[in-house]
Amino acid sequence: MCAECHSTNLRKNYDLAGNNYETTWTDINVACEACHGPGLQHVTWAKKTHQQDEKSQDNQKGLQVHFPPFSDKTWQFPAGAQTAQRIAPLTAYIEIEACARCHSRRSNITDVFEHGKPLLDTHLVSLLEQALYHDDGQMQDEVYVYGSFVQSKMYQAGVTCHDCHEPHGLTLRETGNALCTRCHRSGHFNSQTHHFHIAGSEGAQCVECHMPSKTYMGVDPRRDHSIRVPRPDLSSKLGTPNACNQCHEKQSTRWAADYVRKWYGPRKQEAPHYGETLKAGHAGDQNADLALMKLAEETTNSGIVRASALSLLRGYPSHKMAEALKTGMKDKDPLVRIGALRALDAIDPKQRFEMGNHLLKDSIRAVRTEAGRQLAPVTHNILTSSQQTDLHQAIDEYIQSQLVNAERPGSHLNLGILHAERGKFPQAEEAYNTALRLDPNFYPALVNLADLYRMQKRDKEGAPLLQQALTLAPDDASVHHALGLLLIRTGQNSEAMPALKRAWELQSDNPRYGYVYGVALNSFGERKKA
């Protein structure tokens with residue numbers, strides 16, 4: 001998992017049948033070709049230029065990927081402005097996406113990498129999911145940089161990685177606040193009237209307030225590249241961290257919010273933030289759907305935020321939700337199209353095909369594979385022959401995207417779910433068993449295999465699988481819930497009640513667990529508890 005980004009031209013070459021690797025690589029390092037692509041033509045260019053003793057007319061220098069050179073003149077201050085502006089709009093994001101290949105939380109969807117292609121043609125980037133990001137989009141798990149940076153005003157203004165970083169020397173362009181004052185006037189921002197801390201102190205450093213760090217693996221501090229204004233008021237509402245209280249640990253968020261209000265006025269704390277909407281969506285709040293739709297349609301928001309909002313609409317099926325998804329699936333940002341596709345599982349397969357079938361032939365691979373995954377359950381007899389061909393091609397591409405990581409049981413779990421939804425039960429069973437062969441303790445495969453047996457009226461075979469899963473994951477609500485339902489189906493109602501109750505206790509914010517447990521209680525005459 002580490003080698004792909006810490007070496008050049010890695011080929012994993014994993015053999016599923018033999019469960020072994022024949023891995024190859026060019027360099028155990030991030031060498032030139034990791035970013036610029038194969039270098040043979042560059043060598044040819046260099047020799048030609050040297051022999052002629054003059055510069056070649058090839059502006060690309062023979063490189064497959066040639067990044068725009070750094071220039072101090074890219075950003076200039078308009079008259080009277082405190083913040084510089086880009087002299088020409090950024091129209092191509094090839095540099096940022098090249099860096100994001102490693103500096104993002106993502107998964108490979110092909111083992112054939114072509115330099116210079118869009119990021120989502122080779123990788124699937126994670127959205128602002130709860131396990132990875134805080135509700136307001138701040139980094140939580142190891143998400144690296146890209147998912148944070150694309151939320152920032154810097155990204156929207158056209159800042160690229162090499163505006164701050166020198167990629168060949170692995171250094172910053174400047175040290176300390178001098179890096180920031182290249183684009184933010186020092187007299188205004190690098191002053192006590194702005195940061196309200198003693199000059200030269202830790203609190204007076206731009207990055208401490210706007211890019212707080214979190215240490216991963218015990219030794220690796222990483223700064224949050226969403227480059228945001230500290231909002232201790234949001235910490236009180238959302239339970240999210242903020243830069244003020246990361247330094248002033250003994251003080252309350254209310255204390256920090258009062259100082260922000262005193263220094264900068266109430267406007268800083270009154271501005272609405274998408275984190276409030278995403279939190280409501282994560283929690284399944286009853287009226288969050290309208291706010292999520294509004295968030296998704298506001299193009300001033302970053303693509304990853306809008307995509308995350310659309311994906312959360314799966315919990316709110318309605319006519320308005322369907323219309324919002326239709327709009328999202330036509331968005332120019334492929335990540336937004338993917339977010340909309342992920343909410344389609346809340347819609348009847350026939351209707352979802354009508355809404356999203358055009359994405360089966362999308363120009364971006366990650367969109368096509370997501371479309372294939374979401375539209376796979378559609379009954380083929382309602383499709384034309386050309387539609388069936390498009391769907392089969394996208395499904396095959398999705399299957400291949402999972403087999404890129406064939407050594408991981410999660411990939412086979414995904415394939416098992418796909419086959420089960422298509423009614424291909426033998427293939428689903430084989431996929432789940434492959435996951436368990438790779439990792440006998442991978443309990444999600446046990447739960448899904450038991451559910452597959454349920455579909456085939458084979459609950460006797462599923463029961464021991466759920467008992468085994470319960471041993472491996474005694475505090476997983478989904479395992480208790482699945483076991484409780486199986487016990488009810490097999491007539492063991494009294495034994496089912498503790499399992500259904502435990503599922504609800506472990507995850508009381510899951511409406512399905514509460515509903516099923518309530519129905520069971522009512523069936524046993526415990527109406528008040530129900």
Side-chain angles (χ1 to χ4, degrees), residues 72 75-85 134 136-140 145 148-149 151-157 159 161-166 169-271 273 275:
D72 284 322
W75 296 85
Q76 295 183 1
F77 288 95
Q82 304 296 343
T83 301
Q85 293 182 5
H134 292 287
D136 63 353
Q138 291 186 74
M139 63 182 189
Q140 181 172 351
V145 174
S148 300
F149 183 57
Q151 297 177 57
S152 70
K153 289 183 178 180
M154 304 291 189
Y155 175 79
Q156 293 179 332
V159 173
C161 308
H162 81 187
D163 283 322
C164 298
H165 297 270
E166 202 294 294
L170 306 183
T171 59
L172 294 171
R173 297 287 179 188
E174 299 285 352
T175 59
N177 286 355
L179 179 66
C180 303
T181 55
R182 291 168 61 248
C183 289
H184 302 274
R185 288 200 186 277
S186 180
H188 180 78
F189 291 101
N190 192 21
S191 68
Q192 199 162 355
T193 56
H194 175 71
H195 54 63
F196 295 94
H197 287 75
I198 298 171
S201 68
E202 185 177 9
Q205 300 302 305
C206 306
V207 292
E208 295 302 327
C209 290
H210 299 291
M211 300 180 69
S213 66
K214 182 176 180 178
T215 299
Y216 296 93
M217 299 183 292
V219 295
D220 192 2
R222 300 178 195 162
R223 293 199 177 275
D224 191 319
H225 277 59
S226 54
I227 317 174
R228 62 185 65 214
V229 173
R231 290 285 301 270
D233 61 303
L234 284 179
S235 297
S236 300
K237 297 177 184 177
L238 309 180
T240 52
N242 71 84
C244 305
N245 290 108
Q246 281 185 248
C247 282
H248 301 279
E249 296 177 348
K250 295 183 179 180
Q251 303 295 342
S252 66
T253 55
R254 174 67 180 273
W255 172 89
D258 286 345
Y259 265 100
V260 171
R261 184 180 294 106
K262 175 184 175 182
W263 290 339
Y264 305 106
R267 184 175 61 86
K268 291 288 185 185
Q269 301 193 36
E270 291 174 354
H273 193 279

Compare every heavy atom of [Y] with every heavy atom of [X], then report the nearest pair and how far apart it is.
X: Pro230; Y: Ala243; value: CG-CB, 4.2 Å
X: Thr215; Y: Val219; value: CG2-N, 3.7 Å
X: Phe189; Y: His184; value: CD1-CB, 3.5 Å
X: Phe149; Y: Ser152; value: O-OG, 2.6 Å
X: His273; Y: Asp136; value: CE1-O, 3.4 Å

So, taking the atom named [atom1] in [X] and the one named [atom2] in [Y], what distance separates them when rounded to the nearest 0.5 Å?
X: Tyr155; Y: Cys161; atom1: OH; atom2: SG; answer: 10.0 Å
X: Cys164; Y: Arg182; atom1: SG; atom2: CZ; answer: 6.5 Å
X: Cys183; Y: Arg185; atom1: SG; atom2: CZ; answer: 11.0 Å
X: Thr83; Y: Lys153; atom1: OG1; atom2: NZ; answer: 9.5 Å
X: Leu234; Y: Thr240; atom1: CG; atom2: OG1; answer: 5.5 Å
X: Gln151; Y: Met139; atom1: CD; atom2: CE; answer: 11.5 Å

Sub-4.5 Å side-chain heavy-atom contact between [X] and [Y]:
X: Tyr264; Y: Val229; value: no
X: His165; Y: Leu172; value: yes
X: Pro232; Y: Asn245; value: yes
X: Glu166; Y: Arg173; value: yes
X: His134; Y: Leu238; value: no

Is it true that Thr253 and Ser236 share a donor-acceptor pair across their side chains at a distance under 3.5 Å? yes
Between Ser235 and Asn242, do the side chains contain a donor N or O and an acceptor N or O under 3.5 Å apart? yes
Can you tell me which residue pairs pass the salt bridge (charged side-chain N to carboxylate O under 4.0 Å, His left out) test with a partner in [range], sequence neighbours excluded?
range: residues 191-201; result: none
range: residues 257-266; result: Arg254-Asp258, Asp258-Arg261
range: residues 211-225; result: Glu142-Arg222, Glu208-Arg223, Asp220-Arg222

Counting N and O atoms only, with roles assigned by atom type, does the side chain of Gln138 sit under 3.5 Å from a partner on the main chain of Pro241, one being a donor and the other an acceptor?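 Indeed, once roles are kept as given, a pair shorter than 3.5 Å links the two residues.
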Under a 3.5 Å distance rule, please check whether His210 uses its side chain to pair with a backbone N or O of Arg228 as donor and acceptor. yes
List the atom pairs, with distances to 0.1 Å, where a side-chain N or O of residues 194-204 and a protein N or O form a donor-acceptor pair under 3.5 Å, not counting sequence neighbours.
from   : atom 1 : to     : atom 2 : distance (Å)
His195 : ND1    : His197 : N      : 3.1
His195 : ND1    : His197 : O      : 3.2
His195 : NE2    : Ser191 : O      : 3.2
His197 : ND1    : His195 : O      : 2.5
Ser201 : OG     : Ile198 : O      : 2.6

Looking at residues at least two apart in the chain, or sitting in another chain, which of them share a ring pair (Phe, Tyr, Trp, His ring centres under 6.0 Å) with Tyr259? Trp255, Trp263
Can you list everything that forms a salt bridge (charged side-chain N to carboxylate O under 4.0 Å, His left out) with Asp233? Sequence neighbours excluded, please. Arg231
